[in-house]
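The next block holds one structure in the form of structure tokens; read it before the comments.
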There are 2 protein chains.
Amino acid sequence: MGISKIDKMHSLSKNQQIIFNLIDKSPEPLKAYTILFNVQKKGIKAPLQVYRALDKLVEIGKIHKIESRNAFIACHNSSCQVAKATAFSICEICEKVTEISSAGLSKYLAGFKDKDGMKYSKYNLEFFGLCKKCR
Amino acid sequence: MGISKIDKMHSLSKNQQIIFNLIDKSPEPLKAYTILFNVQKKGIKAPLQVYRALDKLVEIGKIHKIESRNAFIACHNSSCQVAKATAFSICEICEKVTEISSAGLSKYLAGFKDKDGMKYSKYNLEFFGLCKKCR
DNA sequence: ATTAAAATGTTATATTATTACATACTGTTA
DNA sequence: TAACAGTATGTAATAATATAACATTTTAAT
Ligand SMILES: [Zn+2]
Ligand SMILES: [Zn+2]
Ligand SMILES: [Zn+2]
Ligand SMILES: [Zn+2]
């Protein structure tokens with residue numbers, strides 16, 4: 001059995017794969033220059049190489065950017081293959097970040113319409129608080 | 001009638017007032033260095049002076065940071081005197097940003113609990129789409 | 001083989017934000 | 001008033017985050 005169309009569409013280039021692997025195995029969100037430092041031994045030498053891979057990985061939904069932290073985590077939510085509807089919980093003490101997958105939440109937000117009738121194609125939600133350990 | 005306690009607590013210093021005035025009268029979110037450029041004639045010369053005022057204004061809820069844009073807008077939602085529960089709509093073409101004040105939305109999000117039972121003290125939500133004009 | 005799209009390599013630069021340290025102002029209390 | 005604590009300011013230097021511009025190479029389809 002060959003590569004399915006959807007897998008092929010999202011197959012990663014060399015730099016993308018190196019950077020995705022690093023982020024995917026990290027227990028915490030990684031910043032661009034932390035990534036750069038960690039992949040220099042693999043031949044990725046310049047910020048732009050990192051940012052280009054990050055842009056692509058975000059675009060195809062393999063990773064997400066935590067906007068309030070300028071950091072990136074791998075997607076562990078099988079339902080969000082594209083970065084269109086993201087929600088995270090962030091501990092303000094230990095900085096642990098978890099992707100939230102709640103059918104109720106995503107349904108509520110996907111259906112939300114504001115007063116102007118503006119219809120949204122995308123959202124990002126970041127919750128802040130204290131995690132179990134830090135409470 | 002004197003200054004009420006709550007007003008006094010939130011009374012602004014000179015730099016804070018200058019920077020708040022600028023943001024408050026701007027039709028669009030302003031970036032830190034745009035602010036710096038625009039207040040140099042008022043004697044504010046260094047980035048740090050801007051960032052310190054911004055930090056304070058965010059803390060007391062007079063302005064909000066649009067995380068995905070690294071920009072700041074004045075709060076026009078009387079119910080959010082502190083920056084604990086914010087929601088915005090952002091047009092991806094013209095970059096118009098509007099603060100959303102929906103009782104339903106804030107009630108839903110304030111009450112949201114994730115699987116781990118983590119209770120949140122704060123959230124920020126950014127919706128993206130096309131505004132009326134750009135559609 | 002031709003070709004177009006995507007990805008890479010490289011240098012330089014732009015943008016966003018903080019550290020460190022010295023000084024001054026504001027309001028309260030002894 | 002004098003002392004004090006908390007907040008705000010001024011200034012220089014630097015750190016951290018992100019993009020512009022341009023040349024080249026790889027990939028994958030025709
Ligand atoms: Zn995801
Ligand atoms: Zn924690
Ligand atoms: Zn507000
Ligand atoms: Zn628009």
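A quick note: this is a predicted structure, and the numbers were derived from the prediction, not measured. Naming convention: chains lettered A, B, ... in sequence-line order (proteins, then strands); numbering from 1 in each chain.
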Subject >> B:Asp55 or A:Tyr33, whichever maps to the more 5' nucleotide of DNA chain C >> reply: A:Tyr33
Original post:
Among C:dA7, D:dC22, D:dT11, which is the nearest nucleotide to the side chain of A:Arg52?
Top reply: D:dC22
Subject >> Side-chain donor-acceptor contact under 3.5 Å, A:Asn38 with A:Gln40 >> reply: no
Original post:
Which one, C:dT18, C:dT8, D:dT19, comes nearest to the side chain of B:Leu48?
Top reply: C:dT18
**OP:** Would you mind telling me which of D:dT9, C:dT11, C:dT8 lies closest to the side-chain atoms of B:Lys14?
**Re:** D:dT9
Subject >> Under-4.0 Å side-chain N/O to phosphate OP1/OP2 contact, B:Lys45 with D:dG10 >> reply: no
Original post:
Looking at C:dT16, C:dA17, D:dA8, which one has an atom nearest to any side-chain atom of B:Pro47?
Top reply: C:dA17
**OP:** Let me know which of B:Lys31, B:Lys133, B:Arg69 forms a salt bridge (Lys or Arg N to Asp or Glu O under 4.0 Å) with B:Glu95.
**Re:** B:Arg69
Original post:
So which nucleotide from C:dG9, D:dT9, D:dT17 ends up closest to the side chain of B:Gln49?
Top reply: D:dT9
Subject >> Proximity to the side chain of A:Ser13 - top-ranked nucleotide from C:dT18, C:dA7, C:dT10 >> reply: C:dA7
Subject >> Given DNA chain D, 5'-ward residue of the pair B:Ala46 and B:Asn70, judged by closest heavy atom >> reply: B:Ala46
**OP:** Answer yes or no: is there a donor N or O on one side and an acceptor on the other, between the side chain of B:Glu126 and the main chain of B:Ser68, under 3.5 Å?
**Re:** yes
**OP:** Please tell me which of the listed nucleotides, D:dA18, C:dG9, C:dT18, lies nearest to the side chain of A:Asn15?
**Re:** C:dG9
Original post:
For residues 83-119 of chain B, which residue pairs qualify under ring pair (Phe, Tyr, Trp, His ring centres under 6.0 Å), counting only residues two or more places apart or in two chains?
Top reply: A:Tyr108-B:Tyr108, A:Phe127-B:Phe112, B:His64-B:Phe88
**OP:** Counting heavy atoms from C-beta on, name the nucleotide in D:dA8, C:dA17, D:dT11 closest to the side chain of B:Gln16.
**Re:** D:dA8
